[in-house]
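Have a look at the structure below, then the notes.
As the structure is a prediction and not an experimental result, all values here were calculated from the model. In what follows, every chain begins at residue 1, and chains take the letters A, B, ... in the order their sequences are listed.
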There are 2 protein chains.
Amino acid sequence: MRRDVFQALADPTRRAIILMLAVSAMTPNAIADQFDISRQAVSKHIKVMSECELLAQEQKGREIYYHLHADKMKEIEKWLEQFKQQISKRFEQLDEVLIQLKQKKK
Amino acid sequence: MRRDVFQALADPTRRAIILMLAVSAMTPNAIADQFDISRQAVSKHIKVMSECELLAQEQKGREIYYHLHADKMKEIEKWLEQFKQQISKRFEQLDEVLIQLKQKKK
DNA sequence: TCATTACGAAACCATTTGGTTGCAAATGTA
DNA sequence: TACATTTGCAACCAAATGGTTTCGTAATGA
């Protein structure tokens with residue numbers, strides 16, 4: 001099983017859960033109330049996100065509050081930075097072509 | 001089948017392909033040469049990315065050059081913005097708690 | 001004309017995914 | 001103590017995923 005933040009973001013339900021937990025920690029029941037799927041289905045999503053260290057749990061009596069480990073999202077940003085860096089290479093290559101065309105003219 | 005940019009990014013091979021195509025368009029064979037999997041496996045990844053409109057093809061004789069539709073990546077950035085906005089709400093709530101504590105002291 | 005090359009499509013397979021229902025354990029409450 | 005609530009875990013299922021091999025077809029070049 002692949003377990004990284006990209007995998008966590010791949011499912012729309014998980015993305016919605018992440019946006020909710022970004023505001024404040026919640027219990028599985030409270031999260032499940034917001035969706036049309038079963039509590040257990042939500043629990044599975046929570047498990048996936050826990051496995052990629054996006055979530056931390058805090059037991060309070062019989063309730064478990066899930067907190068978002070927001071820093072993990074930086075991995076996405078890091079990749080996006082890498083992506084933009086590659087894009088800039090494209091333009092560098094274009095520049096080279098233009099320079100070569102210029103030299104041919106001479 | 002879910003077909004969005006998040007899905008496209010979920011697989012590490014696809015992420016690597018995207019980074020390559022960000023620099024310049026490539027043919028399926030040229031892409032496959034960079035990986036240990038079969039050309040057909042790469043073709044499947046290309047298909048997934050095409051279906052979520054991340055790729056555009058340009059036929060040149062018997063070769064097909066796949067170009068990256070880099071703008072599509074903005075959907076990821078858009079979601080990340082939304083995420084950060086939610087995170088900021090968390091601090092607004094914290095501020096409220098502090099204000100309430102202050103008022104209780106009086 | 002004919003072999004080669006580049007590619008997509010199809011069939012197949014094991015594994016993963018996203019969902020379900022049922023159950024047991026732990027905790028809080030009457 | 002008895003009962004209700006919150007939760008995780010296991011079993012199960014259909015569909016999707018990521019890979020393979022095989023085949024068909026269109027363009028290239030000798």
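By the rule that hydrophobic residues join a cluster once side-chain heavy atoms approach within less than 4.5 Å of another member, B:F91 and A:M73 end up as members of one cluster. Linking ILVMFWY side-chain heavy atoms closer than 4.5 Å, directly or via other members, places B:Y65 and B:M49 in two distinct hydrophobic clusters. The same ILVMFWY cluster, assembled from side-chain heavy atoms under 4.5 Å apart, contains both B:L54 and B:L80.
Straight-line distance from the CD1 atom of A:I64 to the C1' atom of D:dT7: 6 Å, rounded to whole Å. If you take NZ of A:K60 and C1' of D:dT6, they are 15 Å apart, rounded to a whole angstrom.
Contacts between residues 3-10 of chain A and DNA chain D, defined by a heavy-atom separation below 4.0 Å, involve no residue at all. A heavy-atom distance below 4.0 Å to DNA chain D is reached by none of the residues of residues 20-29 of chain B. Residues from residues 45-56 of chain A lying near DNA chain D, meaning a heavy-atom separation below 4.0 Å, are absent.
Put simply, the side chain of B:Q59 gets close to the backbone of B:G61: a donor and an acceptor are under 3.5 Å apart. B:R14 places a side-chain N or O within 3.5 Å of a backbone atom of B:A8 that can act as its donor or acceptor partner.
Identified under the side chain to side chain donor-acceptor pair (under 3.5 Å) test for residues 80-92 of chain B, with sequence neighbours left out: A:E77-B:K84, B:Q86-B:K89.
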Can you tabulate the close N/O pairs, meaning under 3.5 Å, that link protein atoms to atoms of nucleotides 22-26 of chain D?
from	atom 1	to	atom 2	distance (Å)
D:dT22	O4	B:Q40	NE2	3.0

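Within the 4.0 angstrom heavy-atom criterion, base atoms lie near B:S38.
Each of B:K44 and B:Y65 was assigned the nucleotide of DNA chain C with the nearest heavy atom; the assignment lying further toward the 5' end belongs to B:Y65. Heavy-atom nearest nucleotides on DNA chain C were determined for A:R2 and for A:D36, and the one closer to the 5' end corresponds to A:R2.
The two residues A:R2 and B:P12 come nearest to each other via the heavy atoms CD-CD, 3.3 Å. Contact detail for A:E75 and A:F6: the closest heavy-atom pair is O-CZ, 4.2 Å. The two residues B:F83 and A:L68 come nearest to each other via the heavy atoms CE1-CD2, 3.5 Å. Shown here for A:L9 and A:I18, the closest heavy-atom pair between the two residues is CD2-CD1, 3.7 Å.
Between B:R3 and B:V48, the closest side-chain pair of non-hydrogen atoms falls below 4.5 Å. Two residues are said to be in side-chain contact when any heavy atoms from C-beta on lie closer than 4.5 Å; B:S50 and B:Y66 meet this criterion. Counting only heavy atoms from C-beta outward, the side chains of B:K47 and B:S43 never approach each other to under 4.5 Å. Inter-residue side-chain proximity for A:E53 and A:H69 is flagged as unmet; no heavy-atom pair is nearer than 4.5 Å.
The pair A:R15-B:D4 meets the salt-bridge criterion, since a charged nitrogen lies less than 4.0 angstrom from a carboxylate oxygen.
The nucleotide range of DNA chain C contacted by chain B, defined by atoms under 4.0 angstrom from heavy atoms of the protein and reported 5' to 3', is C:dT4 to C:dG18.
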Run the side chain to side chain donor-acceptor pair (under 3.5 Å) check on A:E58 and A:H67 step by step: do they pass?
CA-CA 8 Å; A:E58 175 199 8; A:H67 295 257; 2.5 Å; yes
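A:Y66 has a side-chain polar atom (N or O) that falls below the 4.0 Å cut-off from OP1 or OP2 of D:dG8.
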